[in-house]
Amino acid sequence: MSLEQIKASSGLLRGSIGEELDDGGDQFAKDTTQLLKFHGIYQQDDRDVRRERGRLGLGKDFSCMVRASIPGGALTGEQYLVMDRLADAVGNGTLRITTRQGLQYHFVRKGDLRGLVRALNDELVTTLAACGDVARNVMGCPAPLRDRVSAQVTASAIELGRHLRPQTQAYWQLWVDGERAASLVAEDGDGTDEPLYGPTYLPRKFKVGFAFPGDNCVDAYTHDIGIVPSVAGGEVVGYTLIVGGGLGMSHNKPSTYPRLGDPVGVVAPRDLIATVKAVIGIQRDHGDREDRKHARMKYLVAEWGIDAFRTELERRLGWPLARPGPLAWPHTSDHLGWHGQGDGRAFLGLAIPSGRIQDNGAGYRSAIREAVEQFGSNVRLTPRQDLLLTDVAEADRSGVEELVRAHGVPLAERLAPSVRAAMACPALPTCGLALTEAERVMPVLIEGFQAELEQLGLGDEAIHLRMAGCPNGCSRPYSTEIGIVGRGKNHYNVFLGGDAHGTRLNTPFADRVAFNELLDVLRPVLTFYRVERLSGERFGDFCARIGPEVLRIRGQEMPQPVAG
Ligand code: SRM
Ligand code: SF4
């Protein structure tokens, strides 16, 4: 069956999930795995042991990745502690912060799924629509500032997320014994149909994120809909909608490509939800349902052009959209370190390597858990896979710092800027699409990269590097200064020239570079940059100004530093 047929015949995402949960086996049928995604669950297998098990005539070692959808990445301390405890009960003892402010459990056995999803729902944390052909977790700038604008942006992200959630009863019946958690009851229906999505949901995944005015930490141009508030008199007076972003592509398939969205119009706060739904309606009705490699809304926007897209949107809305003005991003922030919240309390942003919360070397898991337990902090997850301990009383600052240090967790100011900016996707051994490693080799890569920078006298420069195990781009490697993208076993393509504010895509620079030659490829360009950059020019801007051809030739002409 095609995925469209699977969705259509599933009875609003029910299929045979219930029967298969009870069948005592270790895996789900192929069609069921497609439906499970809408419930936040991916069937995977441990790729580290695939070959050996095959040699022994054993089947794959199946388990599941379970993704919680957390609007704006905001969790109460109590919710976080339950999620932390569950990581001991199921999976591999880690929690993985995602690039969309979700939290993932890996290696969850089929028999543990019901207990895990129910326990999350007991804490009002849902996995519904964390994956699948629906609007996913609505992102939002995580800084917990207590001014009116921040409060409006966070509240809008949460409210919009509720309106976009699927209405199906299947989720509640399968996982939560038919009872719908009170705060999660969807806004727009009774659960017996899908007024927004229809029975076949969307042609493909759909992503929405709210930036904070002037701060593009959510990478607003990479979403199907990026939402940028405009502020006057200390409050949000409108939202610019950017439509048609998306990063996934396939090597050797030029018809697939990363794309940054285009601003389509400005709407008043009261019209935001209707307008977002109207955009989703366009993708639902016109998105490609034949070819999943061509099904994201970015292709619709690219092929229609933004003017035709706006015309259709205005037709559906019945009113003209105000034209967008220029957007400025003066201070895109990683939100790490100490910051005041504006309410007499403070938050501490901790850099979590590749978002993996674990006790391995440094005690990230213990430090965060104990800080929440002892100081009553709440938690925010950031779009860069980091974590903020929020609502810390001024008097507790030194206590929190001591605790974090005692677990060997470095404070952000002790990390080099490039190290704290680095991101990698999970890749091997869990991701079924990975062509090669990412998260597991990032520590070696970023340490070597930082050593190169220091040798060149660039150690204090914030040069943003993101790595992905395949071209799907889950760590958003194309909207940053250096993208390292899996090409094949142990080989990567290198992209250069994006900017640190996510407003420009990078472009291909080198193909099929072996992992241990990546620094050899970057070193000449970094040397060229050191010698010829303009005053204050960032690395990505330099690479974009010079262009890949000249970078390649001139980089090779540069005298290289002598080791030692
Ligand atoms: Fe992703 C598929 C992990 C953010 C583009 N992504 C996957 C799967 C589920 C693999 C699969 O389909 O079998 C990965 C699971 C790996 C694992 O073991 O955990 C996976 N994606 C992730 C996460 C966990 C990466 C991370 O380092 O945090 C992120 C989860 C976010 C969340 O909480 O929802 C994640 N994925 C992204 C992003 C970034 C973003 O959304 O800001 C992108 C690029 C933006 C975009 O969507 O265009 C992204 N993931 C993809 C794609 C390519 C989509 C496309 O349009 O071509 C796939 C493959 C697919 O959908 O067919 C994919
Ligand atoms: Fe998997 Fe590729 Fe996404 Fe990495 S970028 S998590 S390898 S799909």
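Just so you know, ligand 1 is whichever comes first in the structure, and atom 1 is the first atom listed for that ligand. One is the number of the first residue; the rest follow in order along the sequence. This is a predicted model, so every value here is computed, not measured.
Nearest-residue assignment for atom 29 (C) of ligand 1 (options T99, L103, L433; heavy-atom criterion): T99. Looking at A424, S475, C425 and measuring to atom 6 (S) of ligand 2, the nearest heavy atom belongs to C425. Proximity annotation for atom 19 (O) of ligand 1: of Q43, R96, M139, H106, H106 comes nearest, heavy atoms only. Within the set T98, V218, N472, the minimum heavy-atom distance to atom 31 (C) of ligand 1 is found for T98. The residue from C474, A438, C431 that puts a heavy atom closest to atom 37 (C) of ligand 1 is C474. In the candidate list K37, M65, R67, R67 is nearest to atom 3 (C) of ligand 1, counting heavy atoms. Nearest-heavy-atom check against atom 62 (O) of ligand 1 across R296, R204, R292, R259 picks out R204.
With hydrogens and angles left out, the side-chain atoms of K293 and S250 include a donor and acceptor closer than 3.5 Å. In this model, no donor atom of one side chain and acceptor atom of the other lie less than 3.5 Å apart for Y299 and W304. For the 3.5 Å distance criterion, the side chains of E303 and H286 fail to qualify, holding no donor opposite an acceptor. A donor and an acceptor atom, one from each side chain of H501 and N216, are nowhere located under 3.5 Å apart.
Residue contacts with ligand 1 for Q385 involve side-chain atoms from C-beta outward but no N, CA, C or O (heavy atoms, distance under 4.0 Å). At a 4.0 Å heavy-atom cut-off, ligand 1 does not touch Q101 at all. Contacts between Q104 and ligand 1, counted as non-hydrogen atom pairs separated by less than 4.0 Å, involve the side chain only.
To the nearest 0.5 Å, the span separating CG on N506 from CD1 on I482 amounts to 9.5 Å. Residue R204 holds its CZ atom at 9.5 Å from CG of D291, rounded to the nearest 0.5 Å. Here the CD1 atom belonging to I446 is positioned 13.0 Å from the CZ atom belonging to R420, to the nearest 0.5 angstrom. Taking NE2 of H491 as the reference point, atom CZ of F515 lies at 12.0 Å (rounded to 0.5 Å). Note that NE2 of H223 and CG of L247 are 9.0 Å apart. Values are rounded to the nearest 0.5 Å.
Counting the atoms of ligand 1 from 1 in the order shown, those under 4.0 Å from a heavy atom of A424 are 27 (O). The G246 neighbourhood of ligand 1 comprises atoms 48 (O), with distances under 4.0 Å to a heavy atom of that residue. For ligand 2, the atoms lying closer than 4.0 Å to a non-hydrogen atom of C431 are 1 (Fe), 6 (S), 7 (S), 8 (S). Heavy-atom contacts of C425 reach the following atoms of ligand 1: 27 (O) (cutoff under 4.0 Å). Applying the 4.0 Å criterion to heavy atoms of G473 picks out, from ligand 2, the atoms 5 (S). Less than 4.0 angstrom separates some heavy atom of T430 from each of these atoms of ligand 1: 17 (C), 18 (O). Within ligand 2, the atoms closer than 4.0 Å to a non-hydrogen atom of P426 are 6 (S), numbered from 1 in the order shown. Proximity to A434 (heavy-atom distance under 4.0 Å) selects the following atoms of ligand 2: 7 (S). Short contacts between ligand 2 and G469, defined as distances under 4.0 Å to a heavy atom of the residue, involve ligand atoms 4 (Fe), 7 (S).
The shortest N/O to N/O separation between T222 and ligand 1 does not fall below 3.5 Å. Looking at R136 next to ligand 1, no N or O pair under 3.5 Å apart turns up. The shortest N or O to N or O distance between L247 and ligand 1 is under 3.5 Å. On a distance-only criterion, S475 and ligand 1 share no N/O pair closer than 3.5 Å.
The protein atom (non-hydrogen) at minimum distance from atom 2 (C) of ligand 1 is K205 NZ, 4.0 Å. Of the protein's non-hydrogen atoms, G248 CA, 3.5 Å is the one closest to atom 57 (O) of ligand 1. For atom 2 (Fe) of ligand 2, the closest heavy atom belonging to the protein is C470 SG, 2.3 Å. The single protein non-hydrogen atom nearest to atom 3 (Fe) of ligand 2 is C474 SG, 2.3 Å, given as residue, atom name and distance. Protein heavy atom nearest atom 12 (O) of ligand 1, with residue, atom name and distance: Y42 CE2, 3.3 Å. In terms of protein heavy-atom proximity, atom 44 (C) of ligand 1 is closest to G473 O, 3.3 Å. Regarding atom 42 (O) of ligand 1, its nearest protein heavy-atom neighbour is R476 NH1, 2.6 Å. Ranking protein heavy atoms by distance to atom 49 (C) of ligand 1, first place goes to K207 NZ, 3.4 Å.
Using a 4.5 Å heavy-atom cutoff, the side chains of L336 and L350 are not in contact.
In this structure, R512 places its CZ atom where only 12 or fewer heavy-atom neighbours from other residues, nucleotides or ligands lie under 6.0 Å away. More than 12 heavy atoms of other residues, nucleotides or ligands sit less than 6.0 Å from atom CD of E52. No more than 12 heavy atoms of other residues, nucleotides or ligands lie within 6.0 Å of CD in E447, so this atom counts as exposed by the packing criterion.
In this structure, A438 does not count as a contact residue of ligand 2, since none of its heavy atoms falls inside 4.0 Å of the ligand.
T94 pairs with exactly one of Q358, Q104, R356 by the side-chain hydrogen bond (donor to acceptor under 3.5 Å, both in side chains) rule, that one being R356. Evaluated for a side-chain hydrogen bond (donor to acceptor under 3.5 Å, both in side chains) with D133, the options R284, K205, R292 yield exactly one hit, R292.
Because its NZ or CZ atom is not both nearer than 6.0 Å to the ring centre of F62 and within 45° of the ring axis, K110 does not count as a cation-pi partner of that residue.
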Y171 and F38: ring pair (Phe, Tyr, Trp, His ring centres under 6.0 Å), yes or no, with the steps? CA-CA 9 Å; Y171 181 81; F38 293 80; over 10 Å; no

Could you walk me through whether F509 and F495 pass the ring pair (Phe, Tyr, Trp, His ring centres under 6.0 Å) check? CA-CA 5 Å; F509 175 72; F495 295 74; over 10 Å; no

